[in-house]
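Numbers here are sequence positions counted from 1. Indexing begins at 1, ligand by ligand and atom by atom, following the structure's order.
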Amino acid sequence: MSPFRLADRLSQLPPYLFAEIDRLKQDALRRGMDIINLGIGDPDLPTPPHIVRRLAAAAVDPKNHQYPSYEGLLAFREAAAAWYERRFGVRLHPATEVLTLIGSKEGIGHLPLAFVNPGDVVLVPSPGYPVYQAGTVLAGGTPVFLPLRESTGYLVDLQTIPVDALRRAKILFLNYPNNPTGATATLEYFAEAVAFCRERGLILCHDAAYSEIAFDGYRPPSLLAVEGAKEVAIEYHSLSKTYNMTGWRVGFAVGNAEILAGLGRIKTNVDSGVFQAIQEAGIEALTGPQDCVARHCKVYQERRDVLVEGLLAAGFKVERPKASFYVWITVPRGVSSADLTKRLLSEAGIVMTPGNGFGEHGEGYVRAALTLDVARIREAVHRIRKLQLRPAR
Ligand SMILES: *Cc1c(COP(=O)(O)O)cnc(C)c1O
(Lines give C-alpha, C1' and ligand atoms only; values in the text may rest on other atoms or scores of the structure.)
Protein backbone atom coordinates (compact mmCIF):
# COMPACT_ATOMS: atom_id res chain seq x y z
CA MET A 1 0.00 0.00 0.00
CA SER A 2 1.19 3.49 -0.78
CA PRO A 3 2.28 5.52 2.25
CA PHE A 4 0.72 8.59 0.63
CA ARG A 5 -2.87 8.16 1.71
CA LEU A 6 -5.01 11.05 0.50
CA ALA A 7 -6.71 13.18 3.11
CA ASP A 8 -10.32 12.26 3.87
CA ARG A 9 -11.63 15.60 2.60
CA LEU A 10 -10.72 14.64 -0.94
CA SER A 11 -12.96 11.58 -0.79
CA GLN A 12 -15.87 13.88 0.09
CA LEU A 13 -15.57 15.68 -3.24
CA PRO A 14 -17.74 14.41 -6.10
CA PRO A 15 -15.90 12.48 -8.82
CA TYR A 16 -14.39 14.51 -11.63
CA LEU A 17 -17.29 15.42 -13.88
CA PHE A 18 -15.61 14.77 -17.20
CA ALA A 19 -13.75 11.51 -16.47
CA GLU A 20 -16.42 9.16 -17.90
CA ILE A 21 -17.09 11.48 -20.84
CA ASP A 22 -13.36 11.64 -21.58
CA ARG A 23 -13.23 7.87 -21.70
CA LEU A 24 -16.16 7.63 -24.13
CA LYS A 25 -14.65 10.42 -26.21
CA GLN A 26 -11.34 8.54 -26.47
CA ASP A 27 -13.27 5.42 -27.59
CA ALA A 28 -15.11 7.39 -30.27
CA LEU A 29 -11.87 8.99 -31.48
CA ARG A 30 -10.23 5.58 -31.74
CA ARG A 31 -13.10 4.48 -33.95
CA GLY A 32 -12.24 7.43 -36.21
CA MET A 33 -15.35 9.43 -35.32
CA ASP A 34 -15.50 13.17 -35.95
CA ILE A 35 -16.22 14.66 -32.52
CA ILE A 36 -18.34 17.79 -32.05
CA ASN A 37 -17.56 19.01 -28.56
CA LEU A 38 -20.37 21.03 -27.01
CA GLY A 39 -19.24 20.01 -23.54
CA ILE A 40 -16.82 22.72 -22.56
CA GLY A 41 -17.73 26.15 -21.20
CA ASP A 42 -14.63 27.83 -22.59
CA PRO A 43 -14.94 30.53 -25.29
CA ASP A 44 -13.51 29.40 -28.65
CA LEU A 45 -12.93 32.96 -29.93
CA PRO A 46 -9.59 34.66 -29.21
CA THR A 47 -8.98 37.49 -26.74
CA PRO A 48 -9.47 40.83 -28.58
CA PRO A 49 -6.14 42.05 -30.06
CA HIS A 50 -5.97 45.38 -28.19
CA ILE A 51 -5.90 43.44 -24.89
CA VAL A 52 -3.21 41.06 -26.15
CA ARG A 53 -1.09 44.01 -27.32
CA ARG A 54 -1.31 45.62 -23.89
CA LEU A 55 -0.07 42.40 -22.28
CA ALA A 56 2.81 42.19 -24.74
CA ALA A 57 3.91 45.74 -23.88
CA ALA A 58 3.48 45.24 -20.12
CA ALA A 59 5.35 41.92 -20.16
CA VAL A 60 8.65 43.53 -21.20
CA ASP A 61 8.54 46.12 -18.40
CA PRO A 62 10.81 44.98 -15.52
CA LYS A 63 8.59 46.65 -12.91
CA ASN A 64 6.06 43.91 -13.67
CA HIS A 65 8.53 41.08 -13.06
CA GLN A 66 8.37 41.16 -9.27
CA TYR A 67 5.73 39.95 -6.85
CA PRO A 68 2.45 41.78 -7.32
CA SER A 69 0.49 42.97 -4.27
CA TYR A 70 -1.95 40.27 -3.18
CA GLU A 71 -5.02 42.56 -3.27
CA GLY A 72 -4.24 43.73 -6.82
CA LEU A 73 -2.86 46.94 -8.34
CA LEU A 74 -4.91 49.90 -7.15
CA ALA A 75 -5.17 50.94 -10.82
CA PHE A 76 -6.83 47.61 -11.68
CA ARG A 77 -9.28 47.95 -8.80
CA GLU A 78 -10.04 51.52 -9.88
CA ALA A 79 -10.71 50.30 -13.42
CA ALA A 80 -13.03 47.58 -12.05
CA ALA A 81 -14.90 50.13 -9.89
CA ALA A 82 -15.27 52.55 -12.82
CA TRP A 83 -16.53 49.74 -15.08
CA TYR A 84 -19.01 48.75 -12.38
CA GLU A 85 -20.40 52.24 -12.04
CA ARG A 86 -20.74 52.64 -15.83
CA ARG A 87 -22.34 49.26 -16.28
CA PHE A 88 -24.54 48.93 -13.18
CA GLY A 89 -24.71 52.41 -11.64
CA VAL A 90 -23.19 51.03 -8.43
CA ARG A 91 -20.38 52.98 -6.72
CA LEU A 92 -17.54 51.07 -5.12
CA HIS A 93 -14.55 52.15 -3.06
CA PRO A 94 -11.61 50.74 -5.07
CA ALA A 95 -9.31 50.22 -2.07
CA THR A 96 -11.77 48.34 0.19
CA GLU A 97 -14.70 47.19 -1.94
CA VAL A 98 -12.80 45.59 -4.82
CA LEU A 99 -10.48 42.58 -4.53
CA THR A 100 -8.51 41.24 -7.50
CA LEU A 101 -8.73 37.46 -7.97
CA ILE A 102 -6.71 34.87 -9.90
CA GLY A 103 -9.92 34.16 -11.81
CA SER A 104 -13.21 34.20 -9.93
CA LYS A 105 -12.96 30.42 -9.37
CA GLU A 106 -10.07 31.09 -6.99
CA GLY A 107 -12.08 33.57 -4.93
CA ILE A 108 -15.13 31.30 -4.84
CA GLY A 109 -13.05 28.30 -3.77
CA HIS A 110 -11.23 30.23 -1.03
CA LEU A 111 -14.13 32.15 0.52
CA PRO A 112 -15.39 29.35 2.82
CA LEU A 113 -11.88 29.07 4.35
CA ALA A 114 -12.39 32.56 5.75
CA PHE A 115 -15.90 32.17 7.16
CA VAL A 116 -16.82 28.50 7.60
CA ASN A 117 -16.02 26.33 10.62
CA PRO A 118 -16.47 22.55 10.72
CA GLY A 119 -20.19 21.85 11.08
CA ASP A 120 -21.24 25.12 9.45
CA VAL A 121 -23.54 24.91 6.46
CA VAL A 122 -23.11 26.56 3.08
CA LEU A 123 -26.22 26.80 0.89
CA VAL A 124 -25.39 25.71 -2.64
CA PRO A 125 -27.62 25.64 -5.74
CA SER A 126 -28.14 22.27 -7.46
CA PRO A 127 -27.45 21.96 -10.33
CA GLY A 128 -24.59 24.42 -9.97
CA TYR A 129 -20.99 25.37 -10.67
CA PRO A 130 -19.06 22.64 -8.79
CA VAL A 131 -16.69 25.06 -6.99
CA TYR A 132 -19.31 26.22 -4.44
CA GLN A 133 -19.48 22.68 -3.12
CA ALA A 134 -15.74 21.96 -3.41
CA GLY A 135 -14.72 25.14 -1.57
CA THR A 136 -17.17 24.31 1.21
CA VAL A 137 -15.93 20.75 1.64
CA LEU A 138 -12.25 21.76 1.57
CA ALA A 139 -12.99 24.22 4.41
CA GLY A 140 -14.63 21.45 6.47
CA GLY A 141 -18.13 22.85 5.98
CA THR A 142 -21.29 21.02 4.98
CA PRO A 143 -22.92 21.88 1.65
CA VAL A 144 -26.71 21.81 1.68
CA PHE A 145 -28.13 21.71 -1.83
CA LEU A 146 -30.97 23.96 -2.90
CA PRO A 147 -32.85 22.61 -5.94
CA LEU A 148 -33.17 24.78 -9.03
CA ARG A 149 -36.45 23.71 -10.57
CA GLU A 150 -37.92 24.43 -13.95
CA SER A 151 -41.25 25.32 -12.28
CA THR A 152 -39.67 28.27 -10.43
CA GLY A 153 -37.57 29.43 -13.38
CA TYR A 154 -34.47 27.80 -11.86
CA LEU A 155 -34.44 30.37 -9.06
CA VAL A 156 -33.55 29.20 -5.55
CA ASP A 157 -36.82 29.07 -3.60
CA LEU A 158 -35.71 30.84 -0.41
CA GLN A 159 -38.91 30.00 1.47
CA THR A 160 -38.38 26.23 1.26
CA ILE A 161 -34.84 26.06 2.70
CA PRO A 162 -34.97 23.58 5.62
CA VAL A 163 -34.90 25.47 8.96
CA ASP A 164 -32.21 23.29 10.57
CA ALA A 165 -29.89 23.97 7.61
CA LEU A 166 -30.67 27.67 7.81
CA ARG A 167 -29.82 27.79 11.50
CA ARG A 168 -26.31 26.47 10.79
CA ALA A 169 -25.82 28.33 7.50
CA LYS A 170 -23.08 30.93 7.00
CA ILE A 171 -23.11 31.54 3.24
CA LEU A 172 -25.66 31.45 0.42
CA PHE A 173 -24.35 31.13 -3.15
CA LEU A 174 -26.41 32.35 -6.11
CA ASN A 175 -25.44 32.51 -9.79
CA TYR A 176 -27.41 34.41 -12.47
CA PRO A 177 -27.13 34.29 -15.45
CA ASN A 178 -26.88 30.68 -14.40
CA ASN A 179 -24.46 27.92 -15.29
CA PRO A 180 -25.68 25.31 -16.25
CA THR A 181 -29.37 26.22 -16.82
CA GLY A 182 -28.95 29.59 -18.57
CA ALA A 183 -31.63 31.03 -16.27
CA THR A 184 -31.66 34.71 -15.31
CA ALA A 185 -32.88 36.60 -12.22
CA THR A 186 -34.58 39.98 -11.87
CA LEU A 187 -33.52 42.79 -9.55
CA GLU A 188 -36.71 42.08 -7.56
CA TYR A 189 -35.54 38.53 -6.94
CA PHE A 190 -32.12 39.81 -5.85
CA ALA A 191 -33.88 42.24 -3.47
CA GLU A 192 -35.70 39.27 -1.91
CA ALA A 193 -32.39 37.40 -1.49
CA VAL A 194 -30.72 40.44 0.10
CA ALA A 195 -33.59 40.92 2.58
CA PHE A 196 -33.51 37.19 3.39
CA CYS A 197 -29.78 37.24 4.13
CA ARG A 198 -29.91 40.50 6.10
CA GLU A 199 -32.59 39.09 8.39
CA ARG A 200 -30.51 36.00 9.07
CA GLY A 201 -26.98 37.37 9.10
CA LEU A 202 -26.02 35.23 6.10
CA ILE A 203 -23.20 36.10 3.71
CA LEU A 204 -24.68 36.38 0.22
CA CYS A 205 -22.29 35.53 -2.63
CA HIS A 206 -23.50 36.22 -6.11
CA ASP A 207 -21.50 34.78 -8.99
CA ALA A 208 -22.01 37.09 -11.99
CA ALA A 209 -19.45 35.49 -14.34
CA TYR A 210 -21.97 35.69 -17.24
CA SER A 211 -23.36 39.19 -16.61
CA GLU A 212 -22.10 40.42 -20.01
CA ILE A 213 -23.09 37.41 -22.13
CA ALA A 214 -26.72 38.21 -22.95
CA PHE A 215 -29.05 38.29 -25.96
CA ASP A 216 -31.95 40.10 -27.58
CA GLY A 217 -31.04 43.38 -25.86
CA TYR A 218 -31.35 41.92 -22.36
CA ARG A 219 -28.94 43.38 -19.74
CA PRO A 220 -28.50 41.21 -16.61
CA PRO A 221 -28.62 43.24 -13.36
CA SER A 222 -26.03 43.33 -10.58
CA LEU A 223 -27.16 42.08 -7.18
CA LEU A 224 -25.30 45.03 -5.65
CA ALA A 225 -27.77 47.40 -7.33
CA VAL A 226 -30.21 46.37 -4.57
CA GLU A 227 -30.45 48.96 -1.79
CA GLY A 228 -28.53 47.69 1.26
CA ALA A 229 -26.94 44.76 -0.61
CA LYS A 230 -23.44 45.87 0.38
CA GLU A 231 -24.28 45.13 4.02
CA VAL A 232 -24.32 41.38 3.38
CA ALA A 233 -23.23 40.65 -0.16
CA ILE A 234 -20.29 40.27 -2.46
CA GLU A 235 -20.43 39.70 -6.21
CA TYR A 236 -17.90 37.80 -8.31
CA HIS A 237 -16.91 39.01 -11.76
CA SER A 238 -14.55 37.57 -14.27
CA LEU A 239 -12.81 38.77 -17.40
CA SER A 240 -12.84 35.15 -18.60
CA LYS A 241 -16.20 34.98 -20.33
CA THR A 242 -16.68 38.68 -21.11
CA TYR A 243 -13.38 39.14 -22.98
CA ASN A 244 -12.51 35.52 -23.89
CA MET A 245 -9.71 35.50 -21.31
CA THR A 246 -10.21 32.16 -19.52
CA GLY A 247 -6.52 31.27 -19.80
CA TRP A 248 -5.30 34.56 -18.32
CA ARG A 249 -6.70 34.01 -14.81
CA VAL A 250 -8.01 37.36 -13.75
CA GLY A 251 -11.28 38.35 -12.09
CA PHE A 252 -12.48 40.34 -9.10
CA ALA A 253 -14.92 40.35 -6.21
CA VAL A 254 -16.79 43.49 -5.15
CA GLY A 255 -19.08 44.52 -2.33
CA ASN A 256 -18.96 44.23 1.47
CA ALA A 257 -15.52 45.37 2.67
CA GLU A 258 -15.44 43.07 5.71
CA ILE A 259 -16.21 39.94 3.69
CA LEU A 260 -13.60 40.91 1.10
CA ALA A 261 -11.03 41.56 3.86
CA GLY A 262 -11.68 38.02 5.20
CA LEU A 263 -11.14 36.52 1.76
CA GLY A 264 -8.07 38.73 1.36
CA ARG A 265 -6.57 37.32 4.58
CA ILE A 266 -6.78 33.80 3.19
CA LYS A 267 -5.19 34.99 -0.05
CA THR A 268 -2.24 36.72 1.65
CA ASN A 269 -1.42 33.34 3.16
CA VAL A 270 -1.72 31.12 0.10
CA ASP A 271 -1.10 33.17 -3.05
CA SER A 272 0.71 36.24 -4.28
CA GLY A 273 -1.80 37.80 -6.61
CA VAL A 274 -2.09 38.19 -10.38
CA PHE A 275 0.93 38.86 -12.66
CA GLN A 276 0.93 42.65 -12.98
CA ALA A 277 1.23 42.60 -16.77
CA ILE A 278 -2.05 40.66 -16.85
CA GLN A 279 -3.62 43.21 -14.53
CA GLU A 280 -2.52 45.95 -16.95
CA ALA A 281 -4.14 44.03 -19.81
CA GLY A 282 -7.20 43.68 -17.57
CA ILE A 283 -7.31 47.47 -17.18
CA GLU A 284 -7.23 47.71 -20.98
CA ALA A 285 -10.12 45.23 -21.21
CA LEU A 286 -12.28 47.10 -18.68
CA THR A 287 -11.54 50.65 -19.81
CA GLY A 288 -10.88 50.16 -23.57
CA PRO A 289 -13.39 49.78 -26.40
CA GLN A 290 -16.33 47.52 -25.45
CA ASP A 291 -17.68 46.75 -28.94
CA CYS A 292 -15.90 43.38 -28.81
CA VAL A 293 -18.34 42.27 -26.07
CA ALA A 294 -21.40 43.02 -28.21
CA ARG A 295 -19.73 41.19 -31.11
CA HIS A 296 -19.12 38.08 -28.99
CA CYS A 297 -22.75 38.12 -27.82
CA LYS A 298 -23.99 38.32 -31.41
CA VAL A 299 -21.93 35.26 -32.30
CA TYR A 300 -23.34 33.27 -29.35
CA GLN A 301 -26.87 34.45 -30.14
CA GLU A 302 -26.71 33.10 -33.70
CA ARG A 303 -25.38 29.78 -32.40
CA ARG A 304 -28.10 29.67 -29.74
CA ASP A 305 -30.81 30.17 -32.34
CA VAL A 306 -29.46 27.45 -34.63
CA LEU A 307 -29.16 24.95 -31.78
CA VAL A 308 -32.47 25.75 -30.09
CA GLU A 309 -34.45 25.75 -33.37
CA GLY A 310 -32.79 22.51 -34.43
CA LEU A 311 -33.49 20.78 -31.12
CA LEU A 312 -37.11 21.96 -31.10
CA ALA A 313 -37.54 20.62 -34.64
CA ALA A 314 -36.08 17.30 -33.46
CA GLY A 315 -38.78 17.12 -30.77
CA PHE A 316 -36.71 18.15 -27.78
CA LYS A 317 -37.90 20.34 -24.95
CA VAL A 318 -35.30 23.06 -24.54
CA GLU A 319 -34.93 26.50 -22.92
CA ARG A 320 -33.98 29.47 -25.10
CA PRO A 321 -31.52 31.27 -22.79
CA LYS A 322 -31.60 35.07 -22.50
CA ALA A 323 -28.02 34.99 -21.23
CA SER A 324 -24.92 32.78 -20.62
CA PHE A 325 -23.59 30.52 -23.39
CA TYR A 326 -25.40 27.38 -22.26
CA VAL A 327 -28.48 25.60 -23.58
CA TRP A 328 -30.30 23.40 -21.05
CA ILE A 329 -32.01 20.47 -22.72
CA THR A 330 -34.65 18.17 -21.19
CA VAL A 331 -33.85 14.51 -21.89
CA PRO A 332 -36.57 12.32 -23.44
CA ARG A 333 -38.93 10.56 -21.06
CA GLY A 334 -37.62 7.32 -19.59
CA VAL A 335 -33.99 8.19 -20.38
CA SER A 336 -31.35 9.43 -17.90
CA SER A 337 -28.88 12.26 -18.39
CA ALA A 338 -26.09 9.70 -18.61
CA ASP A 339 -27.99 7.58 -21.18
CA LEU A 340 -28.56 10.52 -23.50
CA THR A 341 -24.99 11.76 -23.10
CA LYS A 342 -23.64 8.32 -24.00
CA ARG A 343 -25.93 7.87 -27.02
CA LEU A 344 -25.06 11.32 -28.36
CA LEU A 345 -21.38 10.54 -28.07
CA SER A 346 -21.22 6.94 -29.26
CA GLU A 347 -23.82 7.24 -32.07
CA ALA A 348 -23.43 10.85 -33.21
CA GLY A 349 -19.97 11.92 -31.97
CA ILE A 350 -21.51 14.80 -30.02
CA VAL A 351 -20.20 15.72 -26.56
CA MET A 352 -22.65 17.33 -24.14
CA THR A 353 -22.50 17.43 -20.34
CA PRO A 354 -24.96 15.33 -18.30
CA GLY A 355 -27.01 17.60 -16.04
CA ASN A 356 -26.50 15.43 -12.96
CA GLY A 357 -22.76 16.18 -13.20
CA PHE A 358 -23.73 19.59 -11.76
CA GLY A 359 -25.65 18.04 -8.88
CA GLU A 360 -28.45 15.61 -8.29
CA HIS A 361 -31.16 18.08 -9.32
CA GLY A 362 -29.60 18.33 -12.78
CA GLU A 363 -30.77 14.78 -13.53
CA GLY A 364 -33.12 14.73 -16.50
CA TYR A 365 -31.18 17.37 -18.43
CA VAL A 366 -28.03 17.78 -20.50
CA ARG A 367 -26.08 20.99 -21.07
CA ALA A 368 -24.74 22.17 -24.42
CA ALA A 369 -22.16 24.97 -24.55
CA LEU A 370 -22.28 27.40 -27.50
CA THR A 371 -18.50 27.43 -27.85
CA LEU A 372 -18.20 26.04 -31.40
CA ASP A 373 -18.78 27.80 -34.71
CA VAL A 374 -22.24 27.81 -36.22
CA ALA A 375 -21.37 25.35 -39.02
CA ARG A 376 -20.42 22.71 -36.44
CA ILE A 377 -23.59 23.41 -34.47
CA ARG A 378 -25.62 22.93 -37.69
CA GLU A 379 -23.82 19.63 -38.23
CA ALA A 380 -24.62 18.60 -34.63
CA VAL A 381 -28.31 19.39 -35.17
CA HIS A 382 -28.28 17.39 -38.41
CA ARG A 383 -26.81 14.37 -36.63
CA ILE A 384 -29.24 14.64 -33.72
CA ARG A 385 -32.23 14.70 -36.07
CA LYS A 386 -30.95 11.54 -37.76
CA LEU A 387 -30.73 9.79 -34.36
CA GLN A 388 -34.51 9.92 -34.02
CA LEU A 389 -34.58 10.10 -30.25
CA ARG A 390 -38.04 9.97 -28.70
CA PRO A 391 -39.44 13.44 -28.05
CA ALA A 392 -39.47 14.71 -24.46
CA ARG A 393 -43.19 15.46 -24.24
C1 LIG B 1 -16.52 30.13 -15.83
C2 LIG B 1 -17.18 30.36 -14.51
C3 LIG B 1 -16.53 31.02 -13.46
C4 LIG B 1 -15.12 31.40 -13.36
O5 LIG B 1 -14.31 31.73 -14.15
P6 LIG B 1 -12.82 32.23 -13.88
O7 LIG B 1 -12.17 31.92 -15.16
O8 LIG B 1 -12.26 31.48 -12.73
O9 LIG B 1 -12.94 33.68 -13.59
C10 LIG B 1 -17.22 31.29 -12.31
N11 LIG B 1 -18.49 30.92 -12.17
C12 LIG B 1 -19.14 30.28 -13.13
C13 LIG B 1 -20.56 29.91 -12.90
C14 LIG B 1 -18.52 29.95 -14.33
O15 LIG B 1 -19.17 29.25 -15.26
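- For the residue pair Asn178 and Tyr210, no side-chain donor N or O sits within less than 3.5 Å of a side-chain acceptor on the partner.
- Looking at atom 14 (C) of ligand 1, its nearest protein heavy atom turns out to be Lys241 NZ, 3.2 Å.
- Residue, atom and distance of the protein heavy atom nearest to atom 4 (C) of ligand 1 are Ser104 OG, 3.1 Å.
- Taking the six-membered ring where tryptophan is involved, the planes of Phe88 and His237 are tilted, since the angle between them lies from 30° to 60°.
- When side chains are defined from C-beta on, Ser346 does not count as touching Asp27, because their heavy atoms never get closer than 4.5 Å.
- Looking from atom 7 (O) of ligand 1 to the surrounding protein, the closest heavy atom is Ser240 OG, 2.5 Å.
- Between Arg168 and Asp120 there is no salt bridge, since none of the side-chain N atoms of the basic residue sits less than 4.0 Å from a carboxylate O of the acidic one.
- Residue Asn175 touches ligand 1 through its side chain alone, judged by heavy-atom distances below 4.0 Å.
- Among protein heavy atoms, atom 9 (O) of ligand 1 sits closest to Ser238 OG, 2.6 Å.
- Taking any N or O of Thr246, backbone or side chain, none lies under 3.5 Å from an N or O belonging to ligand 1.
- Which parts of ligand 1 touch Gly103 is read off a 4.0 Å heavy-atom cut-off, strictly below it: atoms 8 (O), 9 (O).
- The number of heavy-atom neighbours closer than 6.0 Å to CD of Glu309, taken from other residues, nucleotides and ligands shown, is above 12.
- Nearest protein heavy-atom neighbour of atom 12 (C) of ligand 1: Asp207 OD2, 3.3 Å.
- Heavy-atom contacts of Arg249 reach the following atoms of ligand 1: 6 (P), 7 (O), 8 (O) (cutoff under 4.0 Å).
- Residues Phe215 and Tyr218 place their aromatic rings such that the two centres sit no closer than 6.0 Å.
- Listed by chain and number, the residues in a ring pair (Phe, Tyr, Trp, His ring centres under 6.0 Å) with Tyr236 amount to none (sequence neighbours excluded).
- Considering backbone and side-chain N/O atoms, Asn179 comes within less than 3.5 Å of an N/O atom of ligand 1.
- Within the structure, the closest approach of Tyr210 to ligand 1 falls below 4.0 Å when heavy atoms are considered.
- With 3.5 Å as the limit, one finds no donor-acceptor pair spanning the side chains of Asn175 and His206.
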